[in-house]
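Here the structure comes first, spelled out in structure tokens, and everything after it is commentary.
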Amino acid sequence: MPANAGAEIIAKAKEMGAAAAGIAGVESLRKSPSHEMLRRIGAKIDGCYAVSGMEGFKNVTWPDRAHS
């Protein structure tokens with residue numbers, strides 16, 4: 001992977017409309033507040049799914065080789 005791959009990924013995310021973008025380690029993501037809340041309360045908020053297509057969603061799964 002090129003040395004500037006991270007910068008290119010972030011620039012592309014912003015180009016596509018992201019308000020903010022960055023790269024974080026998978027362990028940090030697993031411990032993030034949003035991931036913890038999803039694990040605790042699930043994908044429903046006030047009885048409704050926050051995002052369409054979340055029906056039947058159980059948990060985030062990460063590939064074994066994922067690092068960031």
Side-chain angles (χ1 to χ4, degrees):
M1 184 178 299
N4 65 341
E8 289 181 21
I9 292 167
I10 292 167
K12 186 65 173 182
K14 290 182 178 179
E15 176 186 316
M16 295 178 72
I23 298 174
V26 171
E27 285 307 313
S28 295
L29 294 173
R30 286 181 177 149
K31 295 174 185 173
S32 69
S34 58
H35 191 75
E36 289 292 323
M37 291 304 294
L38 179 63
R39 188 179 4 235
R40 276 190 224 152
I41 65 171
K44 281 189 177 180
I45 298 172
D46 292 335
C48 300
Y49 289 99
V51 178
S52 70
M54 296 292 287
E55 300 83 3
F57 180 82
K58 297 292 182 210
N59 204 352
V60 175
T61 56
W62 303 92
D64 291 337
R65 58 185 169 72
H67 296 287
S68 60

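Below, each value reflects all heavy atoms present in this structure, side chains not excepted, and no hydrogens, waters or symmetry copies.
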Set of residues satisfying side-chain hydrogen bond (donor to acceptor under 3.5 Å, both in side chains) with respect to Lys14, sequence neighbours excluded: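 In terms of side-chain hydrogen bond (donor to acceptor under 3.5 Å, both in side chains), with neighbours along the sequence ignored, Lys14 is linked to no residue.
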Query raised in the report: Say you draw a straight line from CG of Asn4 to CD1 of Ile10; how long is it, rounded to the nearest 0.5 Å?
Result: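 It comes to 11.0 Å.
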Query - Ser68 versus Val26, closest heavy-atom pair with distance - result: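 Scanning both residues completely, I find the closest heavy atoms to be N-CG2, 3.8 Å.
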| What are the two closest heavy atoms between Gly6 and Ile23, and how far apart are they? |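 Minimum heavy-atom separation between Gly6 and Ile23: CA-CD1, 3.4 Å.
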Notebook entry, point to check: Who passes salt bridge (Lys or Arg N to Asp or Glu O under 4.0 Å) against Glu27, sequence neighbours left out?
Noted result: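 Expected list: Arg30.
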